[in-house]
Protein chains: 2
Amino acid sequence: MKAQTTSRAEPAAGEISAGFERLWALMRWLSPPGLSLNAGATLGTLQRSGPRRLTALAASEGVTQPAMTQLVGRLAEAGLVARSADPDDGRVVYVEITQEGRDMVARRRAARAERLSMLLARLSPDQQDALAAALPAIDALASLWRDDQLAPPAA
Amino acid sequence: MKAQTTSRAEPAAGEISAGFERLWALMRWLSPPGLSLNAGATLGTLQRSGPRRLTALAASEGVTQPAMTQLVGRLAEAGLVARSADPDDGRVVYVEITQEGRDMVARRRAARAERLSMLLARLSPDQQDALAAALPAIDALASLWRDDQLAPPAA
DNA sequence: TATTGTTATACTCTATAACTATA
DNA sequence: TATAGTTATAGAGTATAACAATA
């Protein structure tokens, strides 16, 4: 309740998180079956960021290390990712997306875009513009959070 | 691939859905434990929309009818919702949020807002504004989709 | 002794199919 | 016969705890 510690961000935070929550069911509907949302997001992270350690992947996707072990196991079994060892540290496992995985990401992205564009077309031009204009902020928000998970700040 | 059927919405759809996907892990992190994301979203829908039939609730949350039966059962057991019968049709079940449920929604919303505001404060003012400006579009998108689920359009 | 990742186990949640009750 | 909702069953996916291997 303490006022003006964070400029105008504070009053808006409640509405923004409520808006995100309302998108929850839509996001599930957009995602083609075959991969869970976690699996799809993990694949997307690997495509954007390149090979990553299993622990880092678990942190950036917000799941536990054992859960990521199993998720990577499923993705590897499906040929979508590959594991590799660190030559300098035998404990470390790197996870990398395969070409097959990239194809899967592309297919899913196209399917989502097709479904979403039908809805977007029914928004007003102003609303479409507002969504597009918010994309950099959405990306920045997601990146900030992921970076915090990898190297927690103060709290 | 067919061009200009939907103005500028089409090229942006891919980026927007990718942005949503990147928010996925953040959304899970924002949500306090105790209720699943589906449970929280369902409670939020009931608070906004008032009593709803179980079938309609299942459609608007994007889960099957049996899944909603069980989810409502869990929420009712926790005292967060109440069922009531339709006097005119003995088959119909209405689901309504209780005061305890409203309190839960408020608590969760406050917790999410607190976590999110720490991240929002680290965005530039422009980015904060862009997010706030996109809220009406996000709400409209969610509503469009929910309405379609309740009464499917053409496809 | 600390760190990285895996295995074991139990639990939550979901979907499909079969069922009951009302219309 | 169709519709609203429930029950039965099986499966996916997660977390906690215990473990193995490397540093």
Side-chain angles (χ1 to χ4, degrees), chain A residues 24-43 45-46 51-78 80-96 149-152, chain B residues 24-25 27-43 46 51-78 80-96 149-152:
Chain A
W24 160 245
L26 168 58
M27 285 172 61
R28 289 202 354 199
W29 177 77
L30 283 177
S31 293
L35 284 184
S36 71
L37 279 171
N38 255 346
T42 301
L43 222 46
T45 297
L46 287 172
R52 293 180 72 99
R53 290 185 36 178
L54 194 136
T55 300
L57 210 48
S60 80
E61 301 305 320
V63 299
T64 61
Q65 203 173 66
M68 187 50 72
T69 292
Q70 296 186 40
L71 173 52
V72 166
R74 291 192 296 272
L75 291 173
E77 200 169 359
L80 304 173
V81 305
R83 304 172 208 236
S84 60
D86 184 321
D88 297 336
D89 186 337
R91 299 169 301 181
V92 170
V93 170
Y94 282 97
V95 185
E96 186 176 4
Q149 301 312 303
L150 295 176
Chain B
W24 160 246
M27 285 173 61
R28 288 200 355 194
W29 178 77
L30 283 177
S31 294
L35 285 185
S36 71
L37 279 171
N38 255 344
T42 301
L43 221 47
L46 287 172
R52 293 180 72 100
R53 289 186 35 177
L54 195 137
T55 301
L57 211 47
S60 80
E61 302 304 320
V63 301
T64 61
Q65 202 174 67
M68 187 50 72
T69 291
Q70 297 186 39
L71 173 52
V72 166
R74 291 192 296 273
L75 291 173
E77 201 170 359
L80 303 173
V81 305
R83 302 173 211 237
S84 59
D86 184 322
D88 297 335
D89 188 335
R91 299 169 302 183
V92 170
V93 170
Y94 282 97
V95 185
E96 186 176 5
Q149 302 312 301
L150 296 176

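First the proteins, then the strands, lettered A, B, ... as listed; each starts at 1.
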dist A:Thr42:OG1 -> B:Trp24:CH2 (nearest 0.5 Å) comes out at 10.5 Å
Quick one: salt bridge (charged side-chain N to carboxylate O under 4.0 Å, His left out) partners of A:Arg91, sequence neighbours excluded?
A:Asp89
Answer yes or no: is there a side-chain heavy-atom contact under 4.5 Å between B:Arg83 and B:Val72?
yes
I'd like to check B:Glu96 versus B:Arg52 (side-chain heavy atoms, cut-off strictly below 4.5 Å). Are they in contact?
no
How does each nucleotide of nucleotides 5-14 of chain C score, in 5' to 3' order, for protein heavy atoms under 4.0 Å: base (B), sugar-phosphate only (S), or none (-)?
BBB-----SB
Walking along DNA chain D from 5' to 3', note the first and the last nucleotide with an atom under 4.0 Å from a heavy atom of chain A, and give both.
D:dG13 to D:dA23
Using the side chain to side chain contact (heavy atoms under 4.5 Å, CB included) criterion, which residues pair with B:Ser36? Sequence neighbours excluded.
B:Asn38, B:Ala39
Which pairs would a plain distance check flag for residues 59-68 of chain B, meaning a side-chain donor or acceptor within less than 3.5 Å of a matching protein atom at least two apart in sequence or in another chain?
{"residue": "B:Ser60", "atom": "OG", "partner": "B:Leu57", "partner atom": "O", "Å": "3.4"}
{"residue": "B:Glu61", "atom": "OE1", "partner": "B:Arg146", "partner atom": "NH2", "Å": "3.3"}
{"residue": "B:Glu61", "atom": "OE2", "partner": "B:Thr45", "partner atom": "OG1", "Å": "2.6"}
{"residue": "B:Glu61", "atom": "OE2", "partner": "B:Arg146", "partner atom": "NH2", "Å": "3.3"}
{"residue": "B:Thr64", "atom": "OG1", "partner": "B:Ala67", "partner atom": "N", "Å": "3.4"}
{"residue": "B:Gln65", "atom": "NE2", "partner": "B:Thr55", "partner atom": "OG1", "Å": "2.7"}

Side-chain contact test, heavy atoms from C-beta onward, threshold under 4.5 Å: evaluate it for B:Leu35 versus B:Leu80 and give yes or no.
yes
Touch class at under 4.0 angstrom, heavy-atom based, for B:Asp88 against every strand present
sugar-phosphate
Test side chain to side chain contact (heavy atoms under 4.5 Å, CB included) applied to A:Pro32 - qualifying residues, sequence neighbours left out:
A:Arg108, A:Ala111, A:Arg112
